[in-house]
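Okay, structure first, notes after.
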Amino acid sequence: MTELITLFGVLGLIALLIVYSAFSWGFVTYKLYGWFVLPTFTEFPHFTVLQFVGFALFINALIRHGNSTSIKDEYKDKKNEYLGAFLSPWLTLVFSWFIYALFF
């Protein structure tokens with residue numbers, strides 16, 4: 001019974017991480033599209049955040065996942081890898097905001 005609860009907990013955590021990733025990248029893409037694309041190409045369609053969440057899931061499904069370098073797992077720093085995956089949408093947004101604020 002304990003193994004079953006652990007399995008559901010792990011699957012639930014994976015599902016939450018997928019939802020977090022899709023919504024964070026969807027929001028960031030929505031903001032970047034509004035800041036950089038729409039002012040230049042005014043005839044382009046306006047999308048909602050949820051549509052960009054769908055785009056993020058779609059693109060994520062197309063991207064080939066995996067690491068091309070062959071480093072043993074014992075030498076990898078998983079904590080930094082997970083932290084980078086968690087913070088990368090927001091760091092992208094902050095950097096893009098600085099570009100937007102300086103040049104647009």
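Heads up: numbering here begins at 1 and tracks the sequence.
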Pairwise distance [atom1]([X]) to [atom2]([Y]) - rounded to 0.5 angstrom:
| X | Y | atom1 | atom2 | result |
| --- | --- | --- | --- | --- |
| F86 | L91 | CZ | CG | 11.0 Å |
| L57 | L62 | CG | CG | 11.0 Å |
| T2 | L7 | OG1 | CG | 12.5 Å |
| L38 | L32 | CG | CG | 11.5 Å |
| S21 | L16 | OG | CG | 12.5 Å |
| L87 | N80 | CG | CG | 10.5 Å |

Self-check item: Any W25 side-chain heavy atom under 4.5 Å of V53 side chain
Solution: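 Result no, sub-4.5 Å side-chain heavy-atom pair not found.
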
Quiz item: Should L17 and Y82 count as side-chain neighbours, where that means a heavy-atom distance under 4.5 Å?
Solution: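 No, their side chains stay 4.5 Å or more apart.
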
Could you tell me which non-hydrogen atom of [X] sits nearest to which non-hydrogen atom of [Y], and how far apart they are?
| X | Y | result |
| --- | --- | --- |
| H46 | Q51 | O-OE1, 4.3 Å |
| G34 | P39 | O-CD, 3.3 Å |
| A56 | A22 | CB-O, 4.0 Å |

In chain order, what residues pass the ring pair (Phe, Tyr, Trp, His ring centres under 6.0 Å) check against [X], with sequence neighbours excluded?
| X | answer |
| --- | --- |
| Y30 | none |
| F41 | F44 |
| F52 | Y33, F47, F55 |

Exercise. Using the side-chain hydrogen bond (donor to acceptor under 3.5 Å, both in side chains) rule, collect all pairs that involve residues 94-104, keeping only residues at least two apart or in two chains.
Key: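 Sorted result for residues 94-104: empty, none.
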
Quiz item: Could you give all pairs that pass the side-chain hydrogen bond (donor to acceptor under 3.5 Å, both in side chains) test and reach residues 10-20, with sequence neighbours left out?
Solution: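 As it turns out, the side-chain hydrogen bond (donor to acceptor under 3.5 Å, both in side chains) pairs with a partner in residues 10-20, which skip direct neighbours, are Y20-W90.
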
When you group the ILVMFWY residues by side-chain heavy-atom contacts below 4.5 Å and let the links chain together, are [Y] and [X] in the same group?
| X | Y | result |
| --- | --- | --- |
| I59 | L50 | no |
| V94 | L102 | yes |
| I63 | F58 | yes |

Quiz item: Do you know which of F98, F36, W35 makes ring-ring contact (aromatic ring centres under 6.0 Å, His included) with F104?
Solution: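 So, applying the ring-ring contact (aromatic ring centres under 6.0 Å, His included) to F104 and each of F98, F36, W35, only F36 qualifies.
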
Quiz item: With a cut-off of 6.0 Å (strictly less than), are more than 12 heavy atoms of other residues, nucleotides or ligands near CZ of F95?
Solution: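 Incorrect, the count does not exceed 12.
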
Quiz item: side chain to side chain contact (heavy atoms under 4.5 Å, CB included) with L4: which residues, sequence neighbours excluded?
Solution: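 In terms of side chain to side chain contact (heavy atoms under 4.5 Å, CB included), with neighbours along the sequence ignored, L4 is linked to F8.
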
